[in-house]
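Right, one structure below, let's go through it.
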Amino acid sequence: MLRYADPPILLENVFPDVTQVHKLLEREAPYTPLGGWYNPGADPHARTRPMWFQNDWVHDVYAAEGSELFLHNPTYIEAAKNFYNAEVIEPHSVYVNIMAAIVDGGPAHTDNSRFHGRERANTPMWLLRAMLWSDLFDDYEIVQATAIWWLDDVEEGGLYFWPDGPDRPPQHHVEKMANTALIGDNHGMFHQVGPVGPFDRGTILVTPSAQLSPSENGKWVVTDHGEKIYTAPLSGYRVSVLWKANVYKNHEEREQKSANPLTMTNVINIFNDDLEEKNTGFHLTSDNLEDTETISTISAIYAEAKPINALKSVFETIRQ
Ligand SMILES: [Fe+2]
């Protein structure tokens, strides 16, 4: 079973001065709609996406100028050490979400796991999800700490989270969110972005080519195929910055785990032992790994939990 995380730690007044964050936001513009959740290859002129913009500030091969403000944030590192009772915290990713006018929630989910030797670059996403929910690969998981920080208070724009597990009602962090952060285990704990105002125009949809940028008058503008769709001061958008770090109890654990990366053959063998024990009659091979039937069978056997009292996701609403 998925471990049920402790409630996240709330940090307040994270930055004494947010001017540096404003500069970083401006330098890293434009922002583009979140992609990959649904409908790949859709008509590029169809308005199929909510105003949920995203940009990476730090990943494997990139670090935005000034992003160390978040990446090496000593408050985050200290909080992550306390949360996990761990000595080694290795920050690796920072990204930003900027949202407005979304009447429904985001998807209720846990973040995607990483395992030593297996990650998105070399393993299909559905298999990584099944690995998480099977609980067969816990020894290989790279434990992740996540911090979410909010720039301003906006209309709604809260975060629901399920610290007591998916079968218990969620808690809600909303209002007085400006310059606060929640730090905890978003890989073990379901969470969901609540509706984001303003709500007077309903959910405003854009095409995958839309861009969000600051304009000369200080407002931030969504432009879509040359047309201005939406204009508001930055404080009218829900801006959140996410930070992720690898967590190890100590250096010995890091060394030991790193020395034993999972190969795809290991993954197949571990699943097959369990499939046999469960008398499923199903056998994974490197040849049937990409089959639709394999995906549906494995995803059904190692099914994901569904958290109660979750809001409908805007991505479901758009698909209908
Ligand atoms: Fe998440």
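Note that this is a predicted model, so its numbers are computed, not measured. Atoms within a ligand are numbered from 1 in the order they appear, just like the ligands themselves.
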Show the numbers, then the answer: is there a side chain to side chain contact (heavy atoms under 4.5 Å, CB included) between W126 and T294?
CA-CA 10 Å; W126 70 267; T294 303; 4.0 Å; yes
Step through the shown structure and confirm whether more than 12 heavy atoms of other residues, nucleotides or ligands are within 6.0 Å of NZ on K23.
no
Which of these passes side chain to side chain donor-acceptor pair (under 3.5 Å) with Q144: N246, D111, N112?
N246
Would you mind checking if R47 and E227 are paired as a salt bridge, meaning a charged N to carboxylate O distance below 4.0 Å?
yes
Parallel, tilted or perpendicular for F15 and F70, by the 30°/60° rule?
perpendicular
Plane angle bin for Y302 and F271 - parallel if under 30°, tilted between 30 and 60°, otherwise perpendicular
tilted
Sorted by chain and residue number, which protein N/O/S atoms are under 2.8 Å from the Fe ion (ligand 1)?
H109 NE2, D111 OD1, H191 NE2
